[in-house]
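Structure first, then comments.
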Amino acid sequence: MEFRVLGPVEAWLHGRQVCAPAGRQRALLAALVLRRGLVVPVDMLVDEVFGEDPPRSARNALQTYITRLRQALGPLGAAIVTRAPGYVLEAPAEAVDAEHFTQLLDQARQSPQALTLLDQALALWRGPMAAELGPDAIRLTELRLAAREDRAAALLALGRATEAAAELEGLAAAEPWRERTVALLMNALAESGRVPAALAAFARHRDNLREELGLDPSATLRNLHQRLLRGEARPVPVAPKPSPGLIGREREIAVVANALAQRPLVTLVGPGGVGKTRLAQQAGERPTWVDLAPLREPETVVPAIAEAAGVRAEPGVEPLGALREWAGRADGLLVLDNCEHLLPAVAAAVTALLAAGTRLRVLATSREPLGVPGELVVDVQPLTVPSAIELFIARVPVSGFTPDAALLGSIARICAALDGLPLAIELAAARIGSLTVDDLAERLDARFPLLRRTGAGRHHALEDVVDWSFDMLTEDEQRLFLRLSVFAASFDISTAEAVVADDDLPAERVADLMARLADRSMITRPGSAGIGCYRLLETLRVYAASRLPDADRFRRRHAEVLAGFTEQADRGLFGPDEVAWTHRLDSRLDDIRAAWAWSREADPRLMIRLIAPLFRFAYWRLRGDLLRLAAPGAAAGSGECLAATAWEASMAGRLDEALKLAARAVELDPDSPVVTEIFGDVAMFNGTLDDAVAAFQRAQESNEEPAAQAISLGNQALAYSYGGDDAEAAAHADKALALALDSGNPTAICFTRYARAEALADLDPETALELFEAARVTADEIGNRLVSGVVRTASVALRGRYGPAEPALRLFHEVITHWVATESRSLLVTALRNLVLLLARTARDQAAVELAATLAATTPVASYGVEARRLHTALTAARHRLGPEAYADAWAQGARRSFEETALRALELIPA
């Protein structure tokens, strides 16, 4: 069973929806689901279902609603149990998506696999929560926003600043007052080399605070702003000085102590090198310690325990009997370290000891559980990145080692690449002095020969630890483990089956073998609900990849499966479940990039099939990094990849190049609606509106998806609007919006609302502004940065034409910041041309003329249509007020400036 509230309230059974109530039924089910396992009093349910206007016989009415809800739930209706003084939903925690979401967030905050866990958590959301959920909706929505911030922070910690910036820009646009979002965004932009955009993000936040709340940014943000202005590196939090004891394991020490207080047997499980032995050393004073690592034969286990306990068997008494007699009177802690290679013998010995009625507590360390009744398993996770940094610094054998901010960034990348494994981090830190931090960070692909120390012992080399674990796997487990190395990030069972199964490893065995690998800590555990996601730690992935036989065969299958996924995702993104598909696609981008890198050389046709479906995702989200993956496909003659390259050139302001590429794409693939649509977009940027309309019409006719047809109609409406034909624009926009609403696709809906607003802008400004706002809200919610930006530009321009000029001018700060941050030069040009109009309207004539001159000198395509007429009128008025000589001087001064300089200067022109 499943009860879902993170989006529309729904109930599911065996993978099928059984109920999706509306109105008061929805409020009733949500109230019970969000208090799963607790008795909800009737009076509380009456308040939540009927609000401030309950009927006279509210309790009877509630009982009727309960009856109807049970009927609607079918087999799940029995989960709603009557229990005084109200009702309770009896279901396991994993059946409620909200509880699964919060569990994943808690795990992510303690795990170096935070990114994977956060992706799983965010993928549970299917849209905005129902309004009936009240405070619960506010609480969970706030957690969702915090999770998105955590995800961006995890990307930053992994050195993926460009992706972090892309995530944060949409969040900052939707939630402009969240200080943590802005700080993360500034860091991400600065680390990816976009300091001007980082400064613009600060300015936008500052102005929003002052405008709406009358406040100034915090001291933390102001200090960050000053550091960026001075050209200093991105500030990385300085790790605290190491404290005595076990670094970064305070929580785990408490967990183990609590576990031992509850159960007689606790087993610490986790991958090799994660620090199980050291954690066990903190568990109690003077434990009886048994190191089983040197033992090889099962029959040596009991004698080893007896020797450590000081037990001597009397003649004729079996050693196990003597040990049980000792256990019956013993009181303390017995630690059995390194049990994994002797599990049956250890399990038998522990079972016998605990059967003696002992007060003894047993703590075992192993790669997998012992499987003894009553055992409590504690999964020891790798260190978080901050704790790993602290450990690294503490173990560097260089006197006075005090890393600055830049060096801390390199250390953070090392610790993330080593998965937070304490052994790997200590071995890496030990090389500093003979290697620099930066040299080591650049060479972690060769981690196994690098991460070793001289001398004997089980843990003198990272490779030895992994060898130990690998050698204990069965042949089939080894085969699966090696094949799973083709995945760069997380994967589910179905995907793994599609990639790794063959005659030697039948698909029906993969799930069991994956569970066994998870039990043996060779892949991460998936949790207890939903579709489980697994992952190899990067160190284990590198080890397995270097030993994978017939690697190209499985990399090909990996690429083929992902190509099928991108094709499916492309279709899903144009349906009503766009948000869910966005999260799924985001979670697989690492694997898509890995498959792209392999197929680029091995099979260009497969590469094109893999990448081409990503285009529309990248288009709406202004993901230049993904668009640039199409370049090899364009060179290989793919029309759709050429179209993607054309759009990227268009966004970068290279409009002549874009038009040539788009025309060539149409020649190669004239029947592709995607190619035709992009030709229309590029033609519209270049001012050839008749060509644009014709292209959009062809795209509409060749598209089968209602959402895509709606977008093509919306584009036709825009082309007519830009040409000044408001009546034709409005007619096309009305058809587009109706079709989009029928499709249920959020992108189509927000885009066609924008198109309709543009068509109505000068006919009915008030209605247009309402449509712009509705489009903005949806675009921000789904991360559609293209629509989010054009709506803001058009809305502010409309306010400037028909409302007070000064408030509209201040709003332009947000518009310019958006286009600078997304590196969308062509759309920034449009915004700046509208800024010229407002500057002239507010009598800032010199600034208006200088800005217009820069745009004329640096933009390959002149303004056209209605926009050109408005600019001409505004500049004519400015010339009249300034006089010919001053106008000419201002024009000459502006023409000498670079576009980049002008874009930043435009922010300074706008009053706070």
Side-chain angles (χ1 to χ4, degrees), residues 1-107 120-147 527-530 580:
M1 66 174 70
E2 291 181 75
F3 294 96
R4 303 177 179 180
V5 294
L6 301 180
V9 177
E10 299 170 350
W12 289 64
L13 182 65
H14 303 314
R16 298 182 63 183
Q17 185 184 104
V18 296
C19 182
R24 288 173 176 168
Q25 291 278 26
R26 177 169 58 203
L28 175 58
L29 180 58
L32 293 168
V33 168
L34 289 167
R35 293 162 183 81
R36 178 207 59 83
L38 300 175
V39 177
V40 188
V42 168
D43 290 343
M44 180 182 293
L45 288 173
V46 166
D47 288 342
E48 297 207 15
V49 172
F50 298 107
E52 297 179 358
D53 188 26
R56 289 184 180 179
S57 55
R59 297 173 72 88
N60 290 337
L62 180 70
Q63 188 173 7
T64 300
Y65 275 108
I66 288 283
T67 300
R68 291 175 180 171
L69 179 58
R70 284 171 171 155
Q71 292 170 349
L73 289 170
L76 292 180
I80 300 178
V81 178
T82 304
R83 187 172 299 154
Y87 300 90
V88 60
L89 179 73
E90 292 189 343
E94 58 267 22
V96 177
D97 60 353
E99 293 191 51
H100 190 202
F101 172 69
T102 55
Q103 288 170 359
L104 288 168
L105 294 193
D106 289 341
Q107 294 172 26
Q120 293 176 36
L122 290 168
L124 295 172
W125 285 77
R126 295 161 291 111
M129 296 186 71
E132 291 91 341
L133 273 63
D136 289 300
I138 296 172
R139 174 181 63 84
L140 288 164
T141 301
E142 173 61 28
L143 283 177
R144 183 190 189 185
L145 294 172
S528 57

Q. For the atom pair CZ (Arg24) and CG (Leu62), what is the distance rounded to the nearest 0.5 Å?
A. 11.0 Å
Q) Measuring from Met1:CE to Glu94:CD, what's the distance to the nearest 0.5 Å? A) 10.0 Å
Q: Answer whether the closest heavy-atom distance between the side chains of Arg26 and Pro8 falls below 4.5 Å.
A: no
**Q.** Residues Leu89, Arg35; criterion side chain to side chain contact (heavy atoms under 4.5 Å, CB included); working and verdict
**A.** CA-CA 8 Å; Leu89 179 73; Arg35 293 162 183 81; over 6 Å; no
Q. Is Gln17 atom CD crowded by more than 12 heavy atoms from other residues, nucleotides or ligands, each under 6.0 Å away?
A. yes
Q.
Other residues, nucleotides and ligands only: do more than 12 of their heavy atoms fall within 6.0 Å of CZ on Arg126?
A. yes
Contact summary for [X] and [Y], nearest pair of heavy atoms:
{"X": "Tyr65", "Y": "Gln25", "value": "O-OE1, 3.3 Å"}
{"X": "Val46", "Y": "Ala58", "value": "CG1-CB, 3.7 Å"}
{"X": "Val39", "Y": "Gly86", "value": "CG1-N, 3.8 Å"}
{"X": "Leu73", "Y": "Cys19", "value": "CD2-CB, 3.7 Å"}
{"X": "Val9", "Y": "Pro21", "value": "O-CD, 3.6 Å"}
{"X": "Leu6", "Y": "Asp97", "value": "N-OD2, 3.1 Å"}

Q. Would you say the side-chain atoms of Arg59 pair up with the backbone N or O of Val42, donor to acceptor, closer than 3.5 Å?
A. no
Q: Kindly indicate, with the supporting measurements, whether the criterion side chain to side chain contact (heavy atoms under 4.5 Å, CB included) is fulfilled by Ile66 and Thr82.
A: CA-CA 10 Å; Ile66 288 283; Thr82 304; 5.7 Å; no
Q. With sequence neighbours left out, what residues match Phe3 under ring-ring contact (aromatic ring centres under 6.0 Å, His included)?
A. none
